[in-house]
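Remarks on the structure that follows.
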Amino acid sequence: MSDHRSPVAPDVVRLPEYTKTDQEEILGKGDDPFGVASAGLTWLPKEEHFGIRHEGRLVAHTGLLRLPVAIGDTRTEVVGVGGVAVAPGMQGLGLARLVVTAALAHARTMGPQHALLFCRPPLVPLYERLGWQLVDEDVRVEQPEGRLVTMPLRTMVTPLRDDARWVSEPVRLFSLPM
């Protein structure tokens, strides 16, 4: 990475796919690139992918997936946001903001009123700066063999419409987490 950074913001592009090789291009090889293996969860792959390339290399990613949920007794859908990654040498340059903002712009076309993500506690301030809010209630997610578990990571939500209001009630994700 050069010390001379371009003053022009990099373009976020829609990726036709996002593979393990792509993830390794951003984060390198490792058993726990997102630092969540200790949660012991099985995760869903995302269906929509957005990335940033720098000098031909993929350096940032965000994925989206539409999912069924219940908030209290109300069944609805959310857009799950996950796989947010920025290459270590590129962190602190606003790439997470760019790629998440572009993904959320697309999420607004998908129908649900809210986007939901799960993150490690040290990342909460980053997402709060991006306009996300903590969900204070328990969030239950499905796991293999029909198990239902309380999400051990922090859950955050952001509206996808100006009039969307999140109700503070327990959340049940009717799928594996994203």
Side-chain angles (χ1 to χ4, degrees), residues 1 10 12-54 57-67 69 78-107 110 112 114-136 138-145 147-158 171-178:
M1 182 73 223
V12 178
V13 297
R14 189 119 179 240
L15 303 172
E17 65 179 348
Y18 183 71
T19 66
K20 179 76 169 164
T21 302
D22 294 326
Q23 179 182 302
E24 289 174 352
E25 186 175 6
I26 297 171
L27 297 173
K29 294 185 180 190
D31 294 336
D32 190 13
F34 293 99
V36 297
S38 64
L41 299 173
T42 301
W43 301 85
L44 283 175
K46 277 42 97 190
E47 293 178 350
E48 309 278 342
H49 303 278
F50 299 83
I52 296 173
R53 293 192 182 279
H54 177 75
R57 176 179 167 231
L58 190 61
V59 295
H61 169 266
T62 297
L64 303 176
L65 180 65
R66 192 171 165 157
L67 298 168
V69 299
V78 295
V79 175
V81 176
V84 178
V86 175
M90 302 291 288
Q91 292 173 359
L93 301 176
L95 299 184
R97 175 183 298 277
L98 289 172
V99 76
V100 169
T101 298
L104 289 177
H106 178 74
M110 296 172 68
H114 293 91
L116 197 73
L117 66 77
F118 303 114
C119 69
R120 293 178 294 115
L123 295 175
V124 168
L126 165 70
Y127 289 109
E128 286 177 332
R129 285 191 303 274
L130 298 178
W132 294 76
Q133 297 177 327
L134 281 169
V135 172
D136 294 326
D138 282 345
V139 177
R140 310 266 293 161
V141 300
E142 293 181 358
Q143 287 294 280
E145 293 90 42
R147 291 182 302 126
L148 190 61
V149 301
T150 300
M151 172 53 69
L153 301 172
R154 299 307 308 260
T155 303
M156 300 190 81
V157 65
T158 194
V171 178
R172 163 78 154 81
L173 187 62
F174 291 103
S175 72
L176 298 174
M178 62 291 159

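Atom set for the values below is all heavy atoms of this structure, side chains included, hydrogens, waters and symmetry mates excluded.
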Separation of [Y] [atom2] from [X] [atom1] (nearest 0.5 Å):
X: Leu67; Y: Leu44; atom1: CG; atom2: CG; value: 6.5 Å
X: Leu104; Y: Trp132; atom1: CG; atom2: CH2; value: 5.5 Å
X: Thr21; Y: Leu58; atom1: OG1; atom2: CG; value: 11.0 Å
X: Lys46; Y: Thr62; atom1: NZ; atom2: OG1; value: 10.5 Å
X: Met151; Y: Gln143; atom1: CE; atom2: CD; value: 7.5 Å

Next item on the list: Just do the side chain to side chain contact (heavy atoms under 4.5 Å, CB included) check on Val141 and Leu176 with the steps written out, would you?
Entry: CA-CA 6 Å; Val141 300; Leu176 298 174; over 6 Å; no
Could you tell me if the side chain of [Y] sits less than 4.5 Å from the side chain of [X], heavy atoms only?
X: Pro10; Y: His54; result: no
X: Asp22; Y: His61; result: no
X: Phe50; Y: His106; result: yes
X: Leu153; Y: Val36; result: yes
X: Phe118; Y: Leu173; result: yes
X: Ile26; Y: Met90; result: no

Under the 3.5 angstrom rule, does the side chain of [X] hit a backbone N or O of [Y] as a donor-acceptor pair?
X: Arg154; Y: Val124; result: no
X: Gln91; Y: Val86; result: yes
X: Arg97; Y: Leu130; result: no

Show the nearest heavy-atom pair for residues [X] and [Y], with the distance to one decimal.
X: Leu41; Y: Pro177; answer: CD1-CG, 4.4 Å
X: Cys119; Y: Met156; answer: SG-SD, 3.9 Å
X: Pro125; Y: Pro122; answer: CD-O, 3.4 Å
X: Tyr18; Y: Gln23; answer: OH-CA, 3.2 Å
X: Met178; Y: Gly80; answer: CG-CA, 3.5 Å
X: Gly63; Y: His49; answer: CA-ND1, 4.3 Å

Checklist line | Residues in side-chain hydrogen bond (donor to acceptor under 3.5 Å, both in side chains) contact with Arg172, at least two apart in sequence or another chain | finding: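 Checked Arg172 against side-chain hydrogen bond (donor to acceptor under 3.5 Å, both in side chains); matches are Glu142.
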Item checked: Crowding at CD, Gln133 (>12 non-hydrogen neighbours, <6.0 Å) -> no
Next item on the list: Starting from the C-alpha separation in whole Å, work towards a yes-or-no answer on side chain to side chain contact (heavy atoms under 4.5 Å, CB included) for Thr155 and Val171.
Entry: CA-CA 10 Å; Thr155 303; Val171 178; over 6 Å; no
Next item on the list: Can you spot which of Thr158, Val157, Leu117, Leu65 makes a side chain to side chain contact (heavy atoms under 4.5 Å, CB included) with Val81?
Entry: Leu117
